[in-house]
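Here is how names work: the chains are called A, B, and so on, in the same order as the sequence lines, proteins then strands, and each is numbered from 1.
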There are 2 protein chains.
Amino acid sequence: MSIRNPKQKLYEQFAIVAKALGHPQRLELIEHLAQGPRSVEALAMKLGLPIANVSQHLQTLRRAGLLSAERNGKFVNYRLVDDSGLAAFASVRTVAERHLAEVDRIVRGYFEARDDMEPVTRQELATRMRDGLVTVIDVRPPDEFALGHVPGAINVPLGDLPARLAELGKDKEVVAYCRGPWCVMSFEAVAALRSHGYAARRLADGMPEWRAAGMAVEVAA
Amino acid sequence: MSIRNPKQKLYEQFAIVAKALGHPQRLELIEHLAQGPRSVEALAMKLGLPIANVSQHLQTLRRAGLLSAERNGKFVNYRLVDDSGLAAFASVRTVAERHLAEVDRIVRGYFEARDDMEPVTRQELATRMRDGLVTVIDVRPPDEFALGHVPGAINVPLGDLPARLAELGKDKEVVAYCRGPWCVMSFEAVAALRSHGYAARRLADGMPEWRAAGMAVEVAA
DNA sequence: CTGTCATTCAATGATTTTATTGAATGATGT
DNA sequence: ACATCATTCAATAAAATCATTGAATGACAG
């Protein structure tokens, strides 16, 4: 029986939060919930995991104060309680990006092979959209697009891109975005567009960051 | 053998960082290293833990990119590689402070009993110091004070405070600070000073945050 | 070279976390 | 009431993390 002083008790609580972030699939759950509220089943489908497993992860995140759950009929909808969880995720990501050699290796090996250009910043995109210089495509699945997207963006899920190239004029630069800074879909989209002769770039991060930065968001009717 | 796509590999790396933050004593190590570089033995002494145990925790933090180690003769000095680790700690703390009921309980039960006043912000302190309105005391141990302190602050380790009350005039407000936002020493100092009739408040956070905010820092000769 | 000291390594058991399975719960619709 | 469906709970085994111990390493002093 160890005597724990108040500082140690506080640090145990902080550790609960960090521990909740310390599992790759829980981070992925956060990424998906950052697009909008979701039921357990919907999340399990997106991640390709058993429902009971996802349910347990969600409860771990809820106990850490990252999520709230609301019952809606038969379904339980989970959502991020606020931006602080996403901010914690982002700061953890920053540490890894700056100091882990393995991250560098993965980025060089996969991501830079698809898009080695500087991404577009939010501000830059907002300006170029206002001036009518770019076509913005949202490459996420339609359900995520419906929950909120960059005003004026066209929803072209990655799988549909080859069939819908004709919709995108070559006179304007195409800017693609999806769920976040390392969402593979926007990298794949940019690579595909370039190979077809389009001028294409990525947005530096995704929808949740756009929303968190206070930019206007359009929601499906 | 699971096939892991590049996103999952990245998330595993992010999880390594979060996992490293997911242990109360590793968080405490970060707090101490935020005061300045330290040897393994010195940290073990401060935390009251076996050296081998501390060594292992430090290596976990190093593998997560949070610390760097430099050999200096017989000693190995660990240090925070940059502010990003402290920022991650801070954002995890924010989640816990906002959403964990247990944190609220601990703060109410212990900390607010010692100091229920609004703490002084850095900017406010800088202004009031310039105008000569406050006496600033640094209640950390002398070795930490020596590695950097608020210019003009007096080092009064908490244990010495009762014997050194006479040094502090009652005409000026006394502001106490120590290692960080929930460092118990500054709470105890404020409580002790108030009980002796002094006007006393805490700085909202500690030395590492002062330094990270770009404020001037004085180092012992 | 030898002894000492700070640190790391390696091995161990104890504890915690994780994934899986199937049963229990709670709400809905017939 | 009954069947159905989404979710949670409970139990289990596998895996990871943790603290502890004592031996190995690497640097210095004599």
Side-chain angles (χ1 to χ4, degrees), chain A residues 1-4 8 11-30 32-33 37-64 66-79 143, chain B residues 1-4 8 11-30 32-33 37-64 66-79 143:
Chain A
M1 186 192 68
S2 64
I3 299 159
R4 303 197 320 291
Q8 284 169 326
Y11 277 35
E12 281 168 24
Q13 297 300 309
F14 301 159
I16 287 173
V17 177
K19 236 181 280 196
L21 295 172
H23 190 292
Q25 284 162 340
R26 283 197 292 266
L27 292 175
E28 206 174 343
L29 284 171
I30 290 173
H32 280 283
L33 286 167
R38 288 284 173 209
S39 70
V40 182
E41 189 181 38
L43 289 163
M45 193 79 79
K46 297 244 181 210
L47 300 209
L49 291 175
I51 291 180
N53 190 359
V54 169
S55 174
Q56 298 211 80
H57 282 312
L58 290 169
Q59 287 173 66
T60 300
L61 290 167
R62 192 168 48 79
R63 278 193 297 270
L66 293 157
L67 308 182
S68 64
E70 186 195 358
R71 181 132 215 159
N72 191 343
K74 292 204 259 201
F75 297 83
V76 176
N77 274 63
Y78 282 90
R79 69 177 67 230
D143 60 311
Chain B
M1 187 190 69
S2 65
I3 300 160
R4 302 198 318 292
Q8 284 169 326
Y11 277 35
E12 281 168 23
Q13 298 299 309
F14 302 158
I16 287 173
V17 176
K19 238 182 277 197
L21 295 171
H23 191 292
Q25 283 161 340
R26 284 198 291 266
L27 292 176
E28 205 174 344
L29 284 171
I30 290 173
H32 280 283
L33 286 167
R38 288 284 172 209
S39 71
V40 181
E41 191 181 35
L43 288 164
M45 193 80 79
K46 297 243 181 210
L47 300 209
L49 291 176
I51 292 179
N53 191 358
V54 169
S55 174
Q56 299 212 82
H57 281 314
L58 290 169
Q59 287 173 67
T60 301
L61 290 167
R62 192 166 50 77
R63 277 193 298 270
L66 293 157
L67 308 182
S68 64
E70 186 194 357
R71 181 132 213 159
N72 191 344
K74 291 204 260 200
F75 297 83
V76 175
N77 274 62
Y78 281 90
R79 69 175 68 229
D143 60 311

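- By the ring-ring contact (aromatic ring centres under 6.0 Å, His included) test, B:H32 pairs with no residue at all, sequence neighbours left out.
- Atom-to-atom, CD1 of A:I16 to C1' of C:dT17 comes out at 14 Å; the value is rounded to the nearest Å.
- Sorted by first and then second residue, the pairs that involve residues 39-50 of chain B and meet salt bridge (Lys or Arg N to Asp or Glu O under 4.0 Å), not counting sequence neighbours, are B:K46-B:D143, B:K46-B:E144.
- For B:R62, the salt bridge (Lys or Arg N to Asp or Glu O under 4.0 Å) criterion is met by no residue, not counting sequence neighbours.
- A heavy-atom distance below 4.5 Å is found between the side chains of B:L33 and B:R38.
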Between protein and nucleic acid, restricted to nucleotides 6-10 of chain C and to nitrogen or oxygen atoms under 3.5 Å apart, what atom pairs and distances do you find?
{"from": "C:dA6", "atom 1": "OP1", "to": "B:E41", "atom 2": "OE1", "distance (Å)": "3.4"}
{"from": "C:dT7", "atom 1": "OP1", "to": "B:V40", "atom 2": "N", "distance (Å)": "3.1"}
{"from": "C:dT7", "atom 1": "OP1", "to": "B:V76", "atom 2": "N", "distance (Å)": "3.4"}
{"from": "C:dT7", "atom 1": "OP2", "to": "B:E41", "atom 2": "N", "distance (Å)": "2.7"}
{"from": "C:dT8", "atom 1": "OP1", "to": "B:Y78", "atom 2": "OH", "distance (Å)": "2.8"}
{"from": "C:dT8", "atom 1": "OP2", "to": "B:S55", "atom 2": "OG", "distance (Å)": "2.6"}
{"from": "C:dC9", "atom 1": "OP2", "to": "B:Q59", "atom 2": "OE1", "distance (Å)": "2.6"}

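- Distance check, rounded to the nearest 0.5 Å: CG of A:L61 to OG of A:S68 gives 11.5 Å.
- One finds the OH atom of A:Y78 at 13.5 Å from the CD1 atom of A:I30 (value rounded to the nearest 0.5 Å).
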Identify the pairs formed between an N or O of the protein and an N or O of nucleotides 15-18 of chain D at a distance under 3.5 Å, and give each distance.
{"from": "D:dC18", "atom 1": "OP1", "to": "B:R26", "atom 2": "NH2", "distance (Å)": "3.3"}
{"from": "D:dC18", "atom 1": "OP2", "to": "B:R26", "atom 2": "NH1", "distance (Å)": "3.3"}

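- Side-chain polar atoms of B:S55 and B:Q59 form a donor-acceptor pair below 3.5 angstrom.
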For a quick test of your reading: what N or O donor-acceptor pairs under 3.5 Å do the side chains of residues 12-21 of chain A make, sequence neighbours left out?
{"from": "A:E12", "atom 1": "OE1", "to": "A:R4", "atom 2": "NE", "distance (Å)": "3.2"}
{"from": "A:E12", "atom 1": "OE1", "to": "A:R4", "atom 2": "NH2", "distance (Å)": "3.4"}
{"from": "A:E12", "atom 1": "OE2", "to": "A:R4", "atom 2": "NE", "distance (Å)": "2.6"}

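- Between the CG atom of B:N72 and the C1' atom of D:dG26 there is a distance of 14 Å, rounded to whole Å.
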